[in-house]
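Here's the structure we're looking at; comments come further down.
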Amino acid sequence: MSTLWQDVELKKRDRLYGKTKADCTVIGAGMAGLMTAFELEKRGFSVVVLEAGRTASGATAKTTAKITAQHGLIYDKLTSKHGLSSAKLYFESNTQGIDKYERLIREMNIDCDFKRMPAYIYGKNSAYEIRKEAQAADKIGAMYKYTSRTSLPFEVKGALRFENQAQFHPLRFVKAICENLQIYENTPVIDIEDGKVTTMQGEVQTHYIVNTTHYPIINLPGLYFLRQHQERSYCVGVKTEKRLDGMYLGIDEVKSFRNYEEGIIIGGEKHRTGNNSEGGCLCRLRDFANKCYPKGELVSEWSNQDAMTHDGVPFIGRFSVFAPRMFVATGFNKWGMSLSSVASDLIADLICGKKNEYEKLYTPNRVKLRASFSSFAVDAGYSVKGLAEGLLSSKEKRCTHLGCRLKENKDEGTLECPCHGSQFDRDGRVVFSPANKDIRRDE
Ligand SMILES: Cc1cc2nc3c(=O)[nH]c(=O)nc-3n(C[C@H](O)[C@H](O)[C@H](O)COP(=O)(O)OP(=O)(O)OC[C@H]3O[C@@H](n4cnc5c(N)ncnc54)[C@H](O)[C@@H]3O)c2cc1C
């Protein structure tokens with residue numbers, strides 16, 4: 001399955017052989033890693049980026065690339081569970097994140113279809129949650145409008161429009177910002193310790209380490225595997241003359257819409273990674289797209305996944321109190337574009353010893369029991385079941401991360417871990433972390 005973004009050829013990079021040195025080592029060349037590496041270089045550090053596969057071949061290649069501070073029903077949730085000031089900080093940081101993209105694109109003259117446009121959330125069957133989110137939007141000072149008129153191909157009960165959000169072509173942007181970065185491709189990191197990162201055939205002596213592998217590949221310290229799971233969704237590109245007046249996200253019927261050069265991208269059919277053994281997600285999405293745009297032509301389809309935190313806020317900052325020179329950006333809850341931009345400034349500020357007003361909101365070392373207990377309990381249930389089933393499974397059905405039993409994703413022919421979301425292709429190669437080792441079918 002190919003995405004609409006893979007028309008861009010990125011420069012091939014060498015593998016790391018032997019030893020090298022850098023002030024900062026960034027692990028993972030997705031949007032979070034690349035933007036952070038770019039920012040660190042700008043601030044005068046020497047930076048090495050280590051990438052297991054090709055640059056931007058992970059979640060970043062398969063995003064729908066809306067750059068927005070409107071992240072579903074986030075502001076009502078944040079206001080009630082974390083307080084109004086946290087909701088305001090979340091909004092401000094993501095708004096600044098969008099502005100940073102615009103600034104870079106202007107300064108570097110990057111041709112990546114960046115367009116300012118409104119972002120909507122809509123309720124197809126009920127306007128209740130949309131109205132509540134509108135009240136939260138009011139409190140945080142967002143520029144918003146409540147409406148029931150949209151350019152969607154169906155009626156909605158209510159929609160909330162945030163002004164001045166954006167969309168772009170993510171890989172054209174990546175191509176420009178990674179041009180002068182020192183990236184090693186096909187260089188999976190296999191071990192991380194204070195001051196040293198070890199790869200298959202080399203190592204980097206380094207002062208600071210930034211983990212941007214999408215889902216952290218090490219379990220200790222940090223225990224990230226207890227604090228997030230992964231969710232998968234599907235996308236189709238429909239070639240059509242129709243266009244929308246903004247980007248859309250459905251709340252009661254979770255579907256995503258945005259324009260691209262030749263038509264409209266539709267996303268949906270989300271499930272916890274590892275929970276699609278029956279298949280049918282892509283088929284249902286194609287049917288939905290057909291009903292929306294009967295004269296359209298399906299030209300592309302793909303899927304993607306992201307790490308979901310229990311309290312709905314990503315982990316950006318110091319990896320652990322036990323590893324002060326190690327940093328992380330993960331748990332983007334499917335909003336990693338604006339949040340990669342937030343992460344790049346926040347992590348660079350921490351490394352420079354500069355105060356950042358968003359540090360406390362995003363710190364991975366927060367404890368918010370009230371906001372996260374029910375999701376924690378669900379995830380713990382999956383882990384106990386997955387580990388128990390793993391004990392009774394053959395090696396080729398066991399995840400190389402912690403040993404949970406893998407489940408087939410019928411739509412893709414892949415194997416997925418329902419506990420922490422690792423994904424393996426048909427040949428047993430890791431596609432998505434936290435697994436960091438292929439399944440050896442001959443063992
Ligand atoms: C269907 C879908 C649609 C989405 N649409 C949007 C959207 O419209 N707007 C938005 O803001 N967000 C969106 N997202 C989320 C967004 O795509 C992600 O949050 C973002 O791309 C994550 O970027 P990343 O850099 O963290 O991860 P990645 O892009 O996955 O980068 C991580 C990199 O680390 C590498 N890596 C892994 N292990 C190792 C190792 N051991 N050694 C070295 N390298 C390693 C991987 O190969 C990979 O290249 C969407 C997500 C989904 C699922």
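Read the numbers this way: they start at 1 and go in the same order the structure lists the ligands and their atoms. A quick note: this is a predicted structure, and the numbers were derived from the prediction, not measured. Residues take their numbers from the sequence shown, with the count starting at 1.
Asn276 and Tyr234 form a side-chain donor-acceptor contact under 3.5 Å, judged by distance and modelled atom types alone. Side chain to side chain, Ser433 and His401 fail the donor-acceptor criterion of an N or O pair below 3.5 Å. In summary, the side chains of Thr330 and Gln228 do present a donor paired with an acceptor at a separation below 3.5 Å, with no hydrogens or angles considered. Asp252 and Tyr122 share no donor-acceptor pair across their side chains, judged by distance under 3.5 Å alone. In this model, no donor atom of one side chain and acceptor atom of the other lie less than 3.5 Å apart for Lys12 and Thr55.
Within ligand 1, the atoms closer than 4.0 Å to a non-hydrogen atom of Leu50 are 43 (C), 44 (N), numbered from 1 in the order shown. Annotation for ligand 1: atoms under 4.0 Å from non-hydrogen atoms of Gly58 are 29 (O), 30 (O), 49 (O). Within ligand 1, counting atoms from 1 as listed, the ones closer than 4.0 Å to a heavy atom of Val189 are 40 (C), 41 (N), 42 (N), 43 (C). Annotation for ligand 1: atoms under 4.0 Å from non-hydrogen atoms of Ser233 are 1 (C). Annotation for ligand 1: atoms under 4.0 Å from non-hydrogen atoms of Ala32 are 25 (O), 26 (O). The distance from ligand 1 to the heavy atoms of Lys334 drops below 4.0 Å at these ligand atoms: 6 (C), 10 (C), 12 (N), 13 (C), 14 (N), 15 (C), 50 (C). Close approach of ligand 1 to Ala52 (heavy-atom distance below 4.0 Å) involves ligand atoms 39 (C), 40 (C), 42 (N), 43 (C), 44 (N), 45 (C).
The closest heavy-atom contact to atom 33 (C) of ligand 1, among the options Met200, Glu51, Lys437, comes from Glu51. Of the listed residues (Lys62, Met308, Lys66), the one carrying the non-hydrogen atom nearest atom 9 (N) of ligand 1 is Lys66. Relative to atom 37 (C) of ligand 1, the option among Ile27, Thr199, Thr213, Asn333 with the closest non-hydrogen atom is Thr213.
In terms of polar-atom proximity, Arg54 is not counted as a contact of ligand 1, lacking any N or O under 3.5 Å from an N or O of the ligand. Residue-to-ligand polar distances keep Ala56 apart from ligand 1: every N/O pair is separated by 3.5 Å or more. The N/O atoms of Asn436, backbone and side chain alike, include one that comes under 3.5 Å of an N/O atom in ligand 1. Polar contact with ligand 1: present for Gly336 (N/O pair, distance under 3.5 Å). Checked against a 3.5 angstrom limit, the closest N/O atoms of Cys235 and ligand 1 fall outside it. Of the polar atoms of Thr60, at least one N or O is found under 3.5 Å from an N or O of ligand 1, judged by distance alone. Between His214 and ligand 1, not a single N/O pair is under 3.5 Å apart. Distances between N or O atoms of Gly33 and those of ligand 1 include no value under 3.5 Å. The N/O atoms of Ser57, backbone and side chain alike, include none that comes under 3.5 Å of an N/O atom in ligand 1.
Cation-pi geometry between Lys115 and Phe168 is not met: the NZ or CZ atom fails to fall both under 6.0 Å from the ring centre and inside 45° of the normal. Geometrically, Lys255 does not engage Tyr248 in a cation-pi contact defined by less than 6.0 Å to the ring centre and at most 45° from the axis. A cation-pi arrangement is present between Arg227 and Phe315, with the terminal nitrogen or guanidinium carbon under 6.0 Å from the aromatic centre and inside a 45° cone about the axis.
Residues Tyr144 and Tyr75 keep their aromatic ring centres 6.0 Å or farther apart.
A salt bridge links Glu203 and Lys196; the closest N-O separation between the charged side-chain nitrogens and carboxylate oxygens is under 4.0 Å. Note on Asp23 versus Arg43: no salt bridge recorded, every NZ/NE/NH1/NH2 to OD/OE distance being 4.0 Å or above.
Evaluation of the salt bridge (charged side-chain N to carboxylate O under 4.0 Å, His left out) rule for Lys88 yields no partner, not counting sequence neighbours. Scored by the salt bridge (charged side-chain N to carboxylate O under 4.0 Å, His left out) test, Arg172 finds Asp7, Asp113, Glu261 as partners (sequence neighbours excluded).
The backbone N or O of Lys62 lies less than 3.5 Å from a partner atom in the side chain of Asn304, making a donor-acceptor pair. The main-chain N or O of Thr68 is found under 3.5 Å from a side-chain atom of His71 such that the two form a donor-acceptor pair.
Counting only heavy atoms of the protein, atom 6 (C) of ligand 1 lies nearest to Thr63 OG1, 3.0 Å. Closest to atom 5 (N) of ligand 1 among all protein heavy atoms lies Thr64 OG1, 2.8 Å.
Look at Ala65 and you'll find a heavy atom under 4.0 Å from some atom of ligand 1. Judged by the shortest distance from any of its heavy atoms, Pro188 lies inside the 4.0 Å radius around the atoms of ligand 1.
With a 4.0 Å cut-off on non-hydrogen atoms, Thr212 touches ligand 1 through its backbone and not its side chain. Counting heavy atoms under 4.0 Å from ligand 1, residue Gln305 touches it through the backbone alone.
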